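Input: a single structure, listed below in structure tokens.
If you're wondering where the values come from, they're calculated on a predicted model, not measured in any experiment.
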Amino acid sequence: MQAVVQDAYGSAGVLRLARIAPPEIAGNEVLLRVRAAGLDRGTWHLMTGRPYLVRLVSGIRKPRNPVPGLDVPAWSLRSGRR
């Protein structure tokens with residue numbers, strides 16, 4: 001699958017399109033096919049790593065989650081067993 005990934009903190013220049021393995025879903029999760037993504041202030045702070053206190057939660061030197069974003073319009077592909 002393709003995703004916009006981020007390997008370091010910074011502005012929009014650190015984002016790139018890459019192929020990644022489809023994530024494994026747990027029993028209480030849903031895998032989505034995303035058609036568009038939104039960028040809000042929270043995601044922007046996570047992407048830039050500022051204020052620096054954000055890095056305590058998201059990773060000191062680089063983001064723990066390389067795929068940024070939270071708000072998406074999407075279709076459900078699979079769901080875990082519940």
Treating Ile, Leu, Val, Met, Phe, Trp and Tyr as nodes and any side-chain heavy-atom pair under 4.5 angstrom as an edge, say whether Val67 and Leu32 lie in one connected cluster.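 Looking at the clustering, Leu32 is in a separate group from Val67.
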Hey, quick one: are Ile20 and Val4 part of the same hydrophobic cluster, counting side-chain heavy atoms closer than 4.5 Å, chains of contacts allowed?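 Hydrophobic grouping puts Ile20 apart from Val4.
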What is the minimum heavy-atom distance between [X] and [Y], and which atoms define it?
X: Pro23; Y: Met1; result: CD-SD, 3.6 Å
X: Val54; Y: His45; result: CG1-O, 3.9 Å
X: Pro68; Y: Val5; result: CD-CA, 4.5 Å
X: Glu29; Y: Ile25; result: OE1-CA, 3.6 Å

Does any N or O in the side chain of [X] come within less than 3.5 Å of the main-chain N or O of [Y], such that one atom is a donor and the other an acceptor?
X: Tyr9; Y: Gly59; value: yes
X: Arg64; Y: Val57; value: yes
X: Gln2; Y: Leu17; value: no

Other cluster members, Leu53 - Ile/Leu/Val/Met/Phe/Trp/Tyr, side-chain contacts below 4.5 Å: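 Traced through the cluster, Leu53 reaches Leu56, Ile60.
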Say you draw a straight line from [atom1] of [X] to [atom2] of [Y]; how long is it, rounded to the nearest 0.5 Å?
X: Leu46; Y: Arg41; atom1: CG; atom2: CZ; value: 14.5 Å
X: Gln6; Y: Lys62; atom1: CD; atom2: NZ; value: 11.0 Å
X: Arg16; Y: Asp7; atom1: CZ; atom2: CG; value: 4.5 Å

